[in-house]
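As structure tokens, the structure follows; a few thoughts come after it.
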Amino acid sequence: MASLYSHVVLPLLMYLSLIAVGWRILPGLLRSQWGLLIVFVTLVAVVYGLEGDAPVEPWHSPLDGIGWVIALAIGVGLYFYQSQILSYFQKPGELPPSDVRDAGGWWLERSQVEDIRTVFDQHQGPLIGLARKDRPVWWPPGAERPHVHLIGQTGAGKGVWLQSWAWQAAAAGEAVILIDPKGDTWMPRVLHAAAEAAGVPYTYLDLRAGHAQANLAARLDRAQLERVLEAGFGLYRTGGEADVWRGLERRAMAEAVEQWATGQSISSWYRSVIASQAADAKEWAGRAWELARVPAINGDTDHEPIADAIDRGGVVYVRGDLGVGSVQYAVRCLTRYVMLLARDRDRGAARRPVSLILDEAAESLSLPAVEAFTQARDWGLHLVLAHTSLGDFDAPHIGASYRKVLETIAANCGLKMVFKLSADDAAWISQQIGTIQEYRESFTESESDGFRGVSSTSSRNFSQHERPFLPPGLIAAVPAGVGFAVGVPGEAPAQQVNVLPVVVGDEPAAATETRRFEYQPPNQNEAVI
């Protein structure tokens, strides 16, 4: 047994240790307590290998006791000084500089890879981007997709990254529903290509269009309909004085829901039931009228592509309009609708993962949607919240304080993708990433002209200093097309990556085609096709 240890196990451990250091795995090990344990055990084996052919009890030999002490000291030192050791072994160019003026050679060079599909490997997990020397950065294979907080100014690369993430979700067999209140030129084309590659249906749902394309209420029951409208119309409890008024409105809405026929469109329901309540419950009935005036989701049909995508697979792009109030109600209703469909699926059956991607996320959120973040993963729902500024969430229609929304996002989004930001937003993100300890070297010199002549002294000092791992100045100055991936296991706390696009053709026709069904406006009897 001793011979096996000394001739096989020990040399193998020593060689593996050398290989690990040579390939710079040691910094990754030092980032976790399990990694430190591995390093400690390896060092113990190496120390014993230097003492003799086999390990013996330390009380049998003083030399063996010294070996134990040395190994233990090294292990303790690794545990308590891991940040300093990590910074020493850090890959060249990976540790962010403390001053943006020193970042000239630190930024990533533009990647030579032109399309994510040339690098993408479904078995490796989602590809987040390319680090230095085009090294792929993956979310761990086999791990569930995280909720994603995606933030960056217009033109910084946020939209391109969102396209690649959505494309990969479709390739992985997830149902992809992307709600875009403002619209994008390239996203529909990318999603259309993703659906074709995955062999699943693609739907372009244009809320601006003057014709019906689906029936939002086709697959709902009464309880779900009530929850959808409550979120879309802002009638939920917030703990304020307005809850009295909201309670009266909810009561009137609940009475009308009891008279709703299953599968009936909102527009048809308004004509047959809600219009008679308009005088008694002006606010709720007025908002229902607004929603009924969105033809796209009020068709006289049982066609509902979002529910079909969740049940059988598919990709849906919802195009909104920031300038139309009725469309804004529809966007918030649809967001809550997707969450309820994911939540109320049969848990006993295999459930298809659902990616709900919210561009300009604040426009789609309500208090019930925000509160659902903590449970969404249990429903098989993966959220992506994309926006340009933290101030976007300071919006009255959400019904939650700005601070509560940010705290909920920070606590539940396992991956943060950060692109160029304003100074204020960069400071908050930097604080979320955390700090590191670093040593600073300084020199002091002094001269004195005393009674006995001139003398001079100099000293060299070292001091430990805590600073942000990623200073706000770097986030505010990051080049376009480069972002920071925060929270990726096994990577730096904020890993700099190049964004890879999904290259598609210029022909948009197939990506923006819509279906047509019969639609009757809430105040008219004639059908509109």
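Values below: every heavy atom of this structure, side chains too, minus hydrogens, waters and symmetry copies.
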_Where at least one partner belongs to residues 319-332, residue pairs that pass salt bridge (charged side-chain N to carboxylate O under 4.0 Å, His left out), sequence neighbours excluded_ = none
*Taking side-chain contact (heavy atoms from CB on, under 4.5 Å) as the test, write out the residues that go with Gln264, two or more places apart.*
Trp260, Ala261, Ser268, Trp269, Ser272
In a table with atom names and distances, give each donor-acceptor pair under 3.5 Å that connects a side chain of residues 190-204 to protein atoms at least two apart or in another chain.
{"residue": "Tyr202", "atom": "OH", "partner": "Pro188", "partner atom": "O", "Å": "3.4"}
{"residue": "Tyr202", "atom": "OH", "partner": "Ala511", "partner atom": "O", "Å": "2.7"}

Enumerate, atom names and distances included, each donor-acceptor pair closer than 3.5 Å involving a side-chain atom of residues 387-396, sequence neighbours excluded.
{"residue": "His387", "atom": "ND1", "partner": "Ser389", "partner atom": "O", "Å": "2.7"}
{"residue": "His387", "atom": "NE2", "partner": "His149", "partner atom": "NE2", "Å": "2.8"}
{"residue": "Thr388", "atom": "OG1", "partner": "Asp392", "partner atom": "OD2", "Å": "3.3"}
{"residue": "Ser389", "atom": "OG", "partner": "Gly391", "partner atom": "N", "Å": "3.2"}
{"residue": "Ser389", "atom": "OG", "partner": "Asp425", "partner atom": "OD2", "Å": "3.0"}
{"residue": "Asp392", "atom": "OD2", "partner": "Thr388", "partner atom": "N", "Å": "3.3"}
{"residue": "Asp392", "atom": "OD2", "partner": "Ser389", "partner atom": "N", "Å": "3.1"}

*What heavy-atom pair brings Pro305 and Ala214 nearest, and what distance separates the two atoms?*
CD-CB, 3.6 Å
*asked:* For a quick test of reading the model, state the closest non-hydrogen atom pair linking Trp107 to Leu474 and the distance between them.
replied: CH2-O, 3.3 Å
*Going through the distances and angles, do Leu381 and Met339 end up as a side-chain contact (heavy atoms from CB on, under 4.5 Å)?*
CA-CA 8 Å; Leu381 180 64; Met339 292 182 172; 3.9 Å; yes
_So, taking the atom named CG in Asp359 and the one named CD in Gln163, what distance separates them when rounded to the nearest 0.5 Å?_
10.0 Å
*Are Arg293 and Trp289 in a cation-pi contact, defined as NZ or CZ under 6.0 Å from the six-membered ring centre and within 45° of the axis?*
yes
*Test salt bridge (charged side-chain N to carboxylate O under 4.0 Å, His left out) applied to Glu230 and Arg227, step by step*: CA-CA 5 Å; Glu230 183 181 273; Arg227 299 287 82 79; 3.4 Å; yes
_Quick check against the 3.5 Å criterion: does Asn298 have a side-chain atom that pairs as donor or acceptor with the backbone of Leu291?_
yes
*Summary of ring-ring contact (aromatic ring centres under 6.0 Å, His included) pairs that have at least one residue in residues 476-501, sequence neighbours excluded*: none
*Side chains of Ser430 and Trp428: closer than 4.5 Å at any heavy-atom pair?*
no
_Any donor-acceptor pair under 3.5 Å linking the side-chain atoms of Tyr519 with those of Asp300?_
no
*Would you list the pairs meeting ring-ring contact (aromatic ring centres under 6.0 Å, His included) in which at least one residue belongs to residues 112-145, sequence neighbours left out?*
Phe120-Trp167
*Yes or no on side-chain contact (heavy atoms from CB on, under 4.5 Å) for Ile310 and Ile177, after CA distance, side-chain angles and deciding distance?*
CA-CA 9 Å; Ile310 293 175; Ile177 294 95; 4.1 Å; yes
_Side chain to side chain, Asp344 and Gln224, heavy atoms closer than 4.5 Å_ = yes
_Tell me whether Arg351 forms a cation-pi arrangement with Trp379, defined as NZ or CZ under 6.0 Å from the six-membered ring centre and within 45 degrees of its axis._
no
*Sole residue of Ile116, Leu127, Ile128, Val176 in side-chain contact (heavy atoms from CB on, under 4.5 Å) with Trp165*: Ile128
*How about Ile357 and Ile179: do any of their side-chain heavy atoms sit closer than 4.5 Å?*
no
_Heavy-atom neighbours of Lys420 NZ exceed 12 at 6.0 Å_ = no
*Is the number of heavy atoms from other residues, nucleotides or ligands under 6.0 Å of Gln431 CD greater than 12?*
no
_Could you check whether any side-chain heavy atom of Leu178 comes within less than 4.5 Å of a side-chain heavy atom of Val318, counting everything from C-beta outward?_
no
*asked:* Test your reading of the model: is there a side-chain donor-acceptor pair from Asn215 to the backbone of Asp302, 3.5 Å cut-off?
replied: no
*Would you say the ring centroid of His303 lies under 6.0 angstrom from that of Phe517?*
yes
*Identify the two heavy atoms, one from Ala330 and one from Ile297, that lie closest to each other, and give their separation to 0.1 Å.*
CB-CD1, 3.9 Å
_Val486 vs Gln432 side-chain heavy atoms within contact, under 4.5 Å_ = no
*How about Gln328 and Leu322: do any of their side-chain heavy atoms sit closer than 4.5 Å?*
yes
*Drop me the distance from Leu150's CG to Leu415's CG, to the nearest 0.5 angstrom.*
9.0 Å
*Distance-only polar pair, side chains of Ser111 and Asp134, donor-acceptor under 3.5 Å*: yes
*Go through the structure and list residues passing side-chain contact (heavy atoms from CB on, under 4.5 Å) with Thr238, not counting sequence neighbours.*
Tyr236, Asp243, Arg246, Leu367
*asked:* Using only atom types and a distance under 3.5 Å, with no angle test, would you say the side chain of Gln213 pairs donor to acceptor with the backbone of Asp206?
replied: yes
*Could you tell me whether Arg222 atom CZ has more than 12 heavy atoms of other residues or ligands within 6.0 Å of it?*
yes
*For Leu358, does its backbone N or O pair with a side-chain atom of Ser364 as donor and acceptor, under 3.5 Å?*
no
_N/O donor-acceptor pair under 3.5 Å between Gln496 side chain and Leu108 backbone_ = yes
*Which residues pass the side-chain contact (heavy atoms from CB on, under 4.5 Å) test with Ala223, sequence neighbours left out?*
Asp221
*Candidate pair Leu207 and Leu334, rule side-chain contact (heavy atoms from CB on, under 4.5 Å), full reasoning*: CA-CA 11 Å; Leu207 301 181; Leu334 285 170; 4.1 Å; yes
*asked:* I'd like to know if the side chain of Glu174 pairs up with that of Ser355 as donor and acceptor (distance under 3.5 Å, no hydrogens or angles considered).
replied: yes
*asked:* Applying ring-ring contact (aromatic ring centres under 6.0 Å, His included) as the test, list every pair that has at least one member in residues 397-421; sequence neighbours left out.
replied: none
_If you define the side chain from C-beta out and look only at heavy atoms, does anything of Lys404 sit under 4.5 Å from Glu371?_
yes
*asked:* Between the side chains of Lys182 and Glu360, is the shortest nitrogen-to-carboxylate-oxygen separation below 4.0 Å, so that they form an ion pair?
replied: yes
_Checking Arg345 now: which residues fulfil salt bridge (Lys or Arg N to Asp or Glu O under 4.0 Å) with it, not counting sequence neighbours?_
none
*asked:* Counting only heavy atoms from other residues, nucleotides and ligands, does the tally under 6.0 Å from CD of Glu407 exceed 12?
replied: yes
*asked:* Given 3.5 Å as the limit, does a donor-acceptor pair link the side chain of Asp115 with the main chain of Thr118, or not?
replied: no
*Working to the nearest 0.5 Å, report the span between CG of Asp184 and CG of Leu162.*
8.5 Å
_Using 0.5 Å steps for rounding, measure from the CG atom of Leu130 to the CD atom of Gln112._
11.0 Å
*Quick one: closest heavy-atom pair of Val137 and Ala131, and the distance?*
CG2-CB, 3.8 Å
*Apply side-chain contact (heavy atoms from CB on, under 4.5 Å) to Ala411 and list each qualifying residue two or more places apart in sequence or on a separate chain.*
none
*Pair listing, ring-ring contact (aromatic ring centres under 6.0 Å, His included) test, anchored in residues 323-343, at least two apart*: Phe233-Tyr329
*Is any side-chain heavy atom of Ile306 closer than 4.5 Å to a side-chain heavy atom of Val338?*
yes
